[in-house]
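Presented below is the structure to which this report refers.
Letters go in sequence order (proteins before strands), and every chain restarts at 1. Bear in mind the structure is a predicted one, so any value in this text is a computation, not a measurement.
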Amino acid sequence: MALDAGRPHKLRWGELDEDDGGDLDFLLPPRVVLGPDENGIKKTIEYRFDDEGNKVKVTTTTLVRKLARARLSKRALERRSWPKFGDAAREDVSSRLTMVSTEEILLERPRAPGSKAEETKAAGDPLAAIGKAGAVLMVCRTCGKKGDHWTSKCPYKDLAPQTDGFIDRPAAAETAASSGPSKGTYVPPGLRPGAERSGTEMRRRNDENSVRVTNLSEDTREPDLHELFRPFGPVTRVYVAVDQKTGASRGFGFVNFVNREDAERAINKLNGYGYDNLILRVEWATPRPN
DNA sequence: GATGAGCGG
């Protein structure tokens with residue numbers, strides 16, 4: 001760069017170590033750092049080519065320690081006068097007091113297959129051997145059965161009302177009911193003292209109050225469906241099937257109601273209803289398999 | 001004519 005025959009230009013930082021001339025730097029002696037000495041004076045000696053291509057020596061003097069000293073505690077200052085020990089006593093470490101650790105540190109993932117935690121568990125628990133793929137972790141919170149199904153798939157999940165033995169009625173709720181609110185324990189509104197308990201109808205899962213809507217126009221989205229069905233009663237879920245790739249509506253969707261009666265009224269009212277130039281079909285959805 | 005995605009303690 002500096003030796004360019006053409007007009008020299010100032011080197012910008014982005015050009016340093018680039019291949020447009022910077023590679024001549026290897027011809028220069030290495031940079032030398034001296035100190036800091038007892039007065040905190042650090043000297044840096046380096047060489048570079050000037051604009052005319054001449055080798056020049058550049059000496060930089062910096063005051064290091066005086067600045068730092070102002071912030072050092074008495075105790076720290078005292079430590080500085082200690083004789084060197086350990087590695088520092090054996091080496092010249094004036095310019096490298098910090099070292100890179102070569103110690104190998106293994107990070108352990110608690111549930112990684114083959115990890116220690118996993119092996120110990122598998123050895124102790126016979127059930128763990130059966131469901132290595134994580135099935136053992138599958139303990140139904142409704143019926144307590146292990147390794148068979150998730151809570152959401154429990155064959156008893158629709159059974160109502162649930163008995164005290166079941167897990168999803170926290171023991172804390174009973175305590176709260178008898179002795180007032182206990183600190184730090186959330187009690188869902190339905191389990192609070194004085195909450196209405198209207199037996200089977202209330203506790204019933206509403207999965208089957210699912211209404212299928214077909215012949216939707218391309219640009220009907222979930223909010224539109226919600227607007228359309230909301231007047232009939234509380235809606236728990238609105239879904240419009242979309243093509244995963246294109247994002248375009250597939251022209252059908254589902255609406256779930258809290259109450260079956262509302263769903264029924266919606267079907268009766270909206271089936272055959274003209275919406276967005278199309279005639280809607282609204283009917284009971286057959287529950288999704290699985 | 002057409003029947004959804006995702007998530008695990």
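- Between the side chain of A/Arg237 and the base of B/dG4, a donor-acceptor pair under 3.5 Å is found.
- Atoms CZ (A/Phe252) and P (B/dT3) sit 6 Å apart, rounded to a whole Å.
- No hydrogens or angles considered: nothing links the side chains of A/Asn256 and A/Thr236 as a donor-acceptor pair under 3.5 Å.
- Applying the side chain to side chain contact (heavy atoms under 4.5 Å, CB included) criterion to A/Leu280, with sequence neighbours excluded, gives A/Val213, A/Leu216, A/Leu228, A/Tyr273, A/Tyr275, A/Val282.
- Applying the side chain to side chain donor-acceptor pair (under 3.5 Å) test to pairs two or more places apart or on separate chains, none has a residue in residues 238-248 of chain A.
- With hydrogens and angles ignored, no donor-acceptor pair under 3.5 angstrom links the side chain of A/Thr214 to the base of B/dG1.
- Whole-Å rounding puts the A/Leu225 CG to B/dA2 P distance at 19 Å.
- What separates CZ of A/Arg212 from C1' of B/dG1 is a distance of 10 Å, to the nearest Å.
- Following rounding to the nearest Å, A/Glu283 (CD) and B/dG1 (P) show an atom-to-atom distance of 12 Å.
- Counting to the nearest Å, the P atom of B/dT3 and the CG atom of A/Leu216 are 13 Å from each other.
- Using a 90° window around 0 for the glycosidic torsion, B/dG6 falls outside it and is classed as anti.
- In this structure, A/Glu46 contributes its side chain and A/Val58 its backbone to no donor-acceptor pair below 3.5 Å.
- In the set B/dG8, B/dA2, B/dT3, the nucleotide with an atom closest to the side chain of A/Ser152 is B/dG8.
- The distance between atom CG of A/Asp243 and atom P of B/dA5, rounded to the nearest whole Å, is 10 Å.
- A straight line from CG of A/Asn215 to P of B/dA2 spans 12 Å, rounded to a whole angstrom.
- A distance cut-off of 5.5 Å between ring centres, combined with a plane angle under 30°, places A/Phe254 in a stacking arrangement with the base of B/dG4.
- Residues A/Arg250 and A/Arg281 each lie close to DNA chain B; by heavy-atom proximity, the contact nearer the 5' end of the strand is made by A/Arg281.
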